[in-house]
Amino acid sequence: MIPYGRQDITQADIDAVTKVLQSDFLTQGPKVPEFEAALAAQVGAQFGVAVNSATSALHIACMALDLGPGDRLWTTPVTFVASANCGRYCGAEVDFVDIDPNTYNLSVSALAAKLETAAQTHTLPKVLVVVHLSGQPCEMQAIRNLTAEYGIAIIEDASHAVGGRYQDEPIGNSRYSDITVFSFHPVKIITSAEGGMALTNDEQLAERMRLARSHGITRDPEQMTQTPDGDWYYQQLSLGYNYRMTELQAALGLSQLQRLQAFVAARHRVAAHYNEQLADLPIRLPWQHPDSYSGYHLYIIRLETDKLTKSHAQVFSELRAKGIGVNLHYIPVHTQPYYQQRGFKPDQFPQAMAYYREAISIPMFASLTESEQQQVIATLREVLT
Ligand SMILES: *Cc1c(COP(=O)(O)O)cnc(C)c1O
């Protein structure tokens, strides 16, 4: 089976991790700050806070933005559940904004309409989590313009988009947001096995996120409420978690980061090949907004079901049966039983539901060989014609 995504591990990655295993620090050593500084520099952010997953990064980002009970968080229904769950962790209510039918990202016009209504009913969100689906950035400038007048904070869930660009600047510089989050899960663009990072240009947000990832504990005398009792002294200032990244993970992430541009370039070559070879099939290829240079975490096709005799589920299962490890990103979050219990109805977000009935992610990763790409193309042709 050709998977939809997989990691690319070299001897240099293995050596970097082995070196850490033989060093003094398996956790809380020099590699985590080194990884934070290197990625922040690469994407043009001031501060990076590395954690054990993007899910944790989203949680500490919401905590830093002071999201709590009585507040609201909005996001897109077409995302991994973590983009919404971070709001629930903080006791906030979660709501969704329907997607754009071309980019599959949160729709700017739907956002404008929902904000207008919410302003009248005093139900505006405190935090908006935008998701750069498949690696294609959202229309950040327009989104920031819409939300700024209400003082709504923006988190970019850029789990799919490290190495991508928006308006020719790197995703992660948070030009139009408060915090950007990356994931280093093995299917994503670079990996640290598990891991994530929150980046920001706001020193206070960075400091709050550092506290939240490690029990709310500080060893910095300047942050303490009294002079230290002695050299052993630390203080817990708030309620935090143990969300720390290990040195092994940071070393792997750092090593992978050196190949980030090459990974994204390879993904673009795969995309260009697919674009060319799949153009005549009864499917919609991933449309790209002119402001965007995608990270291409995913290559999503949409079936033109009116031109097909087979159902979406049938096409999907035939592809899997023939060795193509397709996937579906994502089941709209508001249809999950947990969110249904919170009162959402499937037809509340019709564009997300239309997308869900047609979308399929086909194999896309940097080390996908020419012959594997041919196999994907030939199998799609066989199943769809
Ligand atoms: C993968 C992913 C996450 C969660 O990342 P983890 O590092 O696995 O916690 C969150 N949001 C999106 C959009 C993702 O794709």
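In listed order, ligands and their atoms are each counted from 1.
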K.L.:
Protein residues near ligand 1, heavy-atom distance below 4.0 Å?
P.N.:
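Lining ligand 1 at under 4.0 Å, by heavy atoms, one finds Ser53, Ala54, Thr55, Thr79, Phe80, Ala82, Ser83, Val131, Asp157, Ser159, His160, Ser183, Lys188, Gly195, Tyr330.
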K.L.:
For atom OH of Tyr150, decide whether the heavy atoms of other residues, nucleotides or ligands shown that lie under 6.0 angstrom number more than 12.
P.N.:
yes
K.L.:
Which is it for Glu156 and His132 under the side-chain hydrogen bond (donor to acceptor under 3.5 Å, both in side chains) test, yes or no, and what are the steps along the way?
P.N.:
CA-CA 7 Å; Glu156 292 176 67; His132 305 319; 2.7 Å; yes
K.L.:
Quick check: are there more than 12 heavy atoms from other residues, nucleotides or ligands sitting under 6.0 Å from NZ of Lys310?
P.N.:
yes
K.L.:
Can you establish whether the number of heavy atoms outside Ile331 located under 6.0 Å from its atom CD1 is more than 12?
P.N.:
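Incorrect, the count does not exceed 12.
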K.L.:
Tyr104 and ring pair (Phe, Tyr, Trp, His ring centres under 6.0 Å): which single residue from Tyr330, Tyr355, Trp287 fits?
P.N.:
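Going through the options one by one, the only one that passes is Tyr355.
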K.L.:
Identify, with sequence neighbours excluded, every residue that meets side-chain contact (heavy atoms from CB on, under 4.5 Å) alongside Ala112.
P.N.:
Leu146
